[in-house]
**Q** 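To start, I am sharing the structure in question, which I have written as structure tokens.
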Protein chains: 2
Amino acid sequence: MKQESRKEEIVRVAAKLFKEKGYSAVTMRDLAKAMGIKAASLYNHIKSKQDILKTIIISLAEEFTEGMQQIQASNENCIDKLNKIIELHVKISSQNIYGMASLNNDWMHLEEKLDYYQKLRSDYENDFRSILNAGIASGEIVNVKPDVMMFSILTTLRSLYIWIPKKEDINLNDLSNTLSQILINGINK
Amino acid sequence: MKQESRKEEIVRVAAKLFKEKGYSAVTMRDLAKAMGIKAASLYNHIKSKQDILKTIIISLAEEFTEGMQQIQASNENCIDKLNKIIELHVKISSQNIYGMASLNNDWMHLEEKLDYYQKLRSDYENDFRSILNAGIASGEIVNVKPDVMMFSILTTLRSLYIWIPKKEDINLNDLSNTLSQILINGINK
DNA sequence: CATGTTAACTAACAACTGTTAGTTTCGTTT
DNA sequence: AAACGAAACTAACAGTTGTTAGTTAACATG
């Protein structure tokens with residue numbers, strides 16, 4: 001159990017506030033009050049408000065990129081790759097509920113790192129799309145607009161951070177399995 | 001073709017800016033510049049910044065409520081009700097792409113109308129849930145966690161505003177049908 | 001004990017925030 | 001021609017914003 005540094009604590013508390021009100025609506029004085037210190041004291045630990053956002057978002061985006069690369073490299077079939085993607089989102093989202101809110105809602109407020117973030121995201125989507133296309137080609141997956149499929153699955157997975165906290169005593173394996181069933185087999189009997 | 005009032009124009013332009021940067025990050029001076037006037041001049045037409053947000057969000061939320069009530073009142077089977085809900089979201093979202101962004105991301109910045117909005121939203125979700133439960137009871141719908149089904153379908157539909165603008169020359173009927181197929185029957189072959 | 005580091009503090013800054021008051025311009029109606 | 005209303009303007013406000021500078025207290029290391 002490694003000790004959390006003061007900077008990490010600030011980033012964690014900031015992410016929580018960012019989830020509730022959004023990056024722009026949270027002031028450094030809000031954050032300081034939540035930390036029990038004065039706003040100026042924050043700057044002993046962090047470079048800027050912008051730097052906090054960058055730390056939150058980029059580390060998460062890189063976690064997704066890494067996970068996707070491992071899935072792509074494996075030689076499982078397409079449905080199993082999709083199941084792995086679902087597990088990846090459930091895992092990362094449940095471990096960092098607050099950060100996921102920033103990733104989804106406040107990425108446009110990244111400044112220097114905006115281009116880098118957008119590249120990671122579009123690479124991720126391209127990988128996702130190519131899994132679906134391979135599944136269509138091999139006959140594993142039904143042949144209807146892969147873009148709509150991707151949109152549907154990915155927005156569900158990207159919104160997990162909203163929904164997971166509402167369920168108490170949730171079992172993450174159960175959740176992954178249920179999502180797999182619903183997203184892949186639908187709800188029709 | 002009814003003429004757009006100056007106030008409606010301001011609300012429309014504001015919604016566009018809110019979509020790009022979020023409510024909090026858009027200043028009245030930003031909005032004025034986009035309108036080609038000075039910030040103070042906005043107040044000849046609108047009461048406050050808050051009032052703009054309220055106008056955008058509440059009218060949309062009421063549109064959804066009205067649509068859901070009609071669907072509930074009809075005596076179609078559950079799957080057909082779900083198809084109607086999908087059509088409702090596609091229709092409203094495509095007609096008001098910018099407003100949907102505020103509805104999804106900036107509702108927490110409503111002040112006096114926050115409680116009202118939250119009531120509309122939870123009523124909507126309750127209606128949705130009861131359709132799913134009826135479908136499970138009648139054997140139309142597979143019996144797995146209705147909350148996960150609702151979450152999955154509803155977040156996809158709520159995110160349409162992000163995705164529709166990326167597709168040029170999209171046919172809205174096609175989109176509704178494709179979404180129905182994917183959300184209800186899944187992607188498995 | 002002396003020294004250095006960490007992390008808090010107070011005070012202040014220049015810029016920006018939403019908004020109000022009062023004024024001007026200009027086309028339309030009396 | 002006079003009066004009116006709509007819609008723009010300038011100027012200003014009080015409060016808030018992110019951030020910097022310089023200082024102080026507590027504690028660990030030489």
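Since we're looking at a predicted model, the values are computed, not measured. Below, chains carry the letters A, B, ... as their sequence lines are ordered, and counting in each starts from 1.
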**Q** For a quick check of understanding: with a heavy-atom distance under 4.0 Å over all strands, which category does A/T27 fall into, base, sugar-phosphate or nothing?
**A**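 It contacts sugar-phosphate atoms only.
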**Q** Quick one: A/D51 CG to D/dG18 C1', roughly how many Å, whole number?
**A**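 Value for this atom pair: 14 Å.
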**Q** Both A/Y23 and B/I37 contact DNA chain D. Which one's nearest nucleotide lies toward the 5' end?
**A**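 Final value for this comparison: B/I37.
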**Q** Considering the options B/W107, B/Y98, B/Y23, which one meets the ring pair (Phe, Tyr, Trp, His ring centres under 6.0 Å) requirement together with B/F18?
**A**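 Only one option passes, and that is B/Y23.
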**Q** Whole angstrom is fine here: how far is it from CD1 in B/I52 over to C1' in C/dG18?
**A**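 In whole Å, C/dG18 C1' lies 11 Å from B/I52 CD1.
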**Q** Rounded to the nearest angstrom, tell me the gap between atom CG in A/L42 and atom P in D/dT19.
**A**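 Atom CG in A/L42 sits about 10 Å away from atom P in D/dT19.
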**Q** Rounding to a whole Å, what distance do you find between B/I46:CD1 and C/dT19:P?
**A**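 So the CD1-P distance, B/I46 to C/dT19, works out to 7 Å.
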**Q** Which whole-number value in Å describes the distance from A/K7 NZ to C/dT6 P?
**A**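 Spelled out: NZ on A/K7 to P on C/dT6 is 15 Å.
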**Q** Salt-bridged, A/K113 to A/D51, with N to O below 4.0 Å?
**A**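 Looking at A/K113 and A/D51, the cut-off is not met.
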**Q** B/R29 near the nucleic acid: base, sugar-phosphate alone, or nothing, with a heavy-atom cut-off under 4.0 Å?
**A**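 Counting heavy atoms under 4.0 Å across all strands, the contact made by B/R29 includes a base.
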**Q** Taking atom types as modelled and ignoring hydrogens, do the side chains of B/E62 and B/Y116 form a donor-acceptor contact shorter than 3.5 angstrom?
**A**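 Their side chains do contain a donor-acceptor pair, which is all the 3.5 Å distance test asks for.
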**Q** Pairing donors with acceptors under 3.5 angstrom, does anything connect the side chains of B/S130 and B/Q72?
**A**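 Result is yes, a qualifying pair exists.
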**Q** Does A/H45 make a side-chain N or O approach to OP1 or OP2 of C/dT6 shorter than 4.0 Å?
**A**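 Checking A/H45 against C/dT6: no side-chain N or O falls below 4.0 Å of OP1 or OP2.
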**Q** Does anything in residues 74-97 of chain A form a ring-ring contact (aromatic ring centres under 6.0 Å, His included)? List the pairs, not counting sequence neighbours.
**A**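 Listed once each, the pairs are A/F64-A/H89, A/H89-A/Y124.
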**Q** Once hydrogens and angles are ignored, does a donor-acceptor distance under 3.5 Å link the base of D/dA8 to the side chain of B/N44?
**A**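 Side chain to base: pair present.
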**Q** Measure from CD on B/E9 to P on D/dA7 and round the result to the nearest Å.
**A**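 Roughly 11 Å, once rounded to whole Å.
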**Q** Can you tell me which nucleotide in D/dA8, D/dC9, C/dT19 comes closest to the side chain of B/K38?
**A**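 The answer is D/dC9, which lies nearest to the side chain.
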**Q** Take atom NZ of A/K33 and atom P of D/dT16, then tell me their distance rounded to the nearest Å.
**A**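 These atoms are roughly 11 Å apart.
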**Q** Just N and O in the side chain of A/S41: are any of them under 4.0 Å from OP1 or OP2 of C/dA7?
**A**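 For A/S41, the contact criterion (side-chain N or O under 4.0 Å from OP1 or OP2 of C/dA7) is not met.
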**Q** Rounding to an integer number of Å, can you tell me how far B/L31 CG sits from C/dG18 C1'?
**A**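 After rounding, the reported distance stands at 12 Å.
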